[in-house]
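Working notes, structure below.
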Amino acid sequence: RYVGDLIPGTVSSQEWRVFRPGQAIDVTLEDVAGKAVALSSLRGRPAILVYAGRRGSDAAIVVGKALQSRFGSEAATPVANVVPVACLAEVPRFLRGMARTQVKQAAAGVPILIDFDSGLQRSLGMDEAAANVAVIDATGHLVGITSGGGETCVDCVAALVHRLQA
């Protein structure tokens, strides 16, 4: 089921929340070194945020790898910044350094951002047990959000990214 008429109806089981043009999203996250990274720094080409809590991390890894190979730095012609985000709001402040180290080791060289303050969850919503994907256009405006996993999720994101390129 789709909200709005943004994505062709070829994949019917994925639900999107679609936003009106002009709704910019700017949340500040952290990298694994603790440096602040504003989503506005990704402007210039579309961004695909793949984010999850601990229960959805396995699904997010699968979706993130598929999107990275299709659109990101691993694609023949990269067209989007694919940005993995670990949502770790439950981690107490005094354990965040340890959490950063664990995320860095688990990411195995993949740049990953961390959301310790629930900024994405507050701004975009989040299904704790699934991969969550937000598509942001090149000007920093939120286009759509979905959650789920597998090829259906990847195909829906692909349809939306291709529409942005048109």
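Quantities reported herein were computed from a predicted structural model and do not represent experimental measurements.
- Through side-chain heavy atoms spaced under 4.5 Å, either directly or across other Ile, Leu, Val, Met, Phe, Trp or Tyr residues, Val62 is tied to no other residue.
- Between the side chain of Ser41 and the main chain of Val37, no donor-acceptor pair closer than 3.5 Å is present.
- Nearest heavy-atom pair across Pro78 and Gly72 is CB-O, 3.3 Å.
- With respect to Val63, the side chain to side chain contact (heavy atoms under 4.5 Å, CB included) criterion is satisfied by exactly one of Cys153, Pro84, Ser147: Cys153.
- There is no path of hydrophobic side-chain contacts, each under 4.5 Å, that joins Val50 to Val103.
- Residues that satisfy the side chain to side chain contact (heavy atoms under 4.5 Å, CB included) test with Ala75, not counting sequence neighbours, are absent from this structure.
- Remark: Thr139 pairs with Asp137, His141 by the side chain to side chain contact (heavy atoms under 4.5 Å, CB included) rule, at least two apart or across chains.
- Contact annotation: the side chain of Ile48 never approaches that of Val83 to less than 4.5 Å [non-hydrogen atoms, C-beta and beyond].
- In this structure, the side chain to side chain contact (heavy atoms under 4.5 Å, CB included) partners of Thr28, at least two apart in sequence or on a different chain, are Ala36, Ala38.
- Residues satisfying the side-chain hydrogen bond (donor to acceptor under 3.5 Å, both in side chains) criterion with Asn81, sequence neighbours excluded, are Arg45.
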Side-chain polar contacts of residues 104-117 - donor-acceptor pairs under 3.5 angstrom, sequence neighbours left out - could you list them?
residue, atom, partner, partner atom, Å
Asp115, OD1, Asp117, N, 3.3
Asp115, OD1, Ser118, N, 3.1
Asp115, OD1, Gly119, N, 3.0
Asp115, OD2, Gly119, N, 3.1
Asp115, OD2, Leu120, N, 2.8

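- The shortest side-chain heavy-atom distance between Ile136 and Leu49 falls under the 4.5 Å cut-off.
- Residues Ala134 and Leu124 share a closest heavy-atom pair of CB-CD1, 3.8 Å.
- Listed by chain and residue number, nothing satisfies the side-chain hydrogen bond (donor to acceptor under 3.5 Å, both in side chains) test with Arg43 (two or more places apart in sequence, or in another chain).
- Smallest separation of non-hydrogen atoms from Val154 and Leu67: CG1-CD2, 4.0 Å.
- Considering all non-hydrogen atoms of both residues, Gly64 and Val82 come closest at O-CG1, 4.1 Å.
- Using a 4.5 Å cut-off on side-chain heavy atoms (C-beta onward), Leu39 and Leu29 make contact.
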Would you be so kind as to tabulate the donor-acceptor pairs closer than 3.5 Å made by side chains of residues 86-95, with sequence neighbours excluded?
none

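- Scanning both residues, Ala52 and Ala130, for their nearest heavy atoms gives CB-O, 3.7 Å.
- Listed by first and then second residue, the salt bridge (charged side-chain N to carboxylate O under 4.0 Å, His left out) pairs involving residues 56-69 amount to none (not counting sequence neighbours).
- With sequence neighbours excluded, the residues forming a side chain to side chain contact (heavy atoms under 4.5 Å, CB included) with Ala158 are Arg70, Phe71, His162, listed by chain and number.
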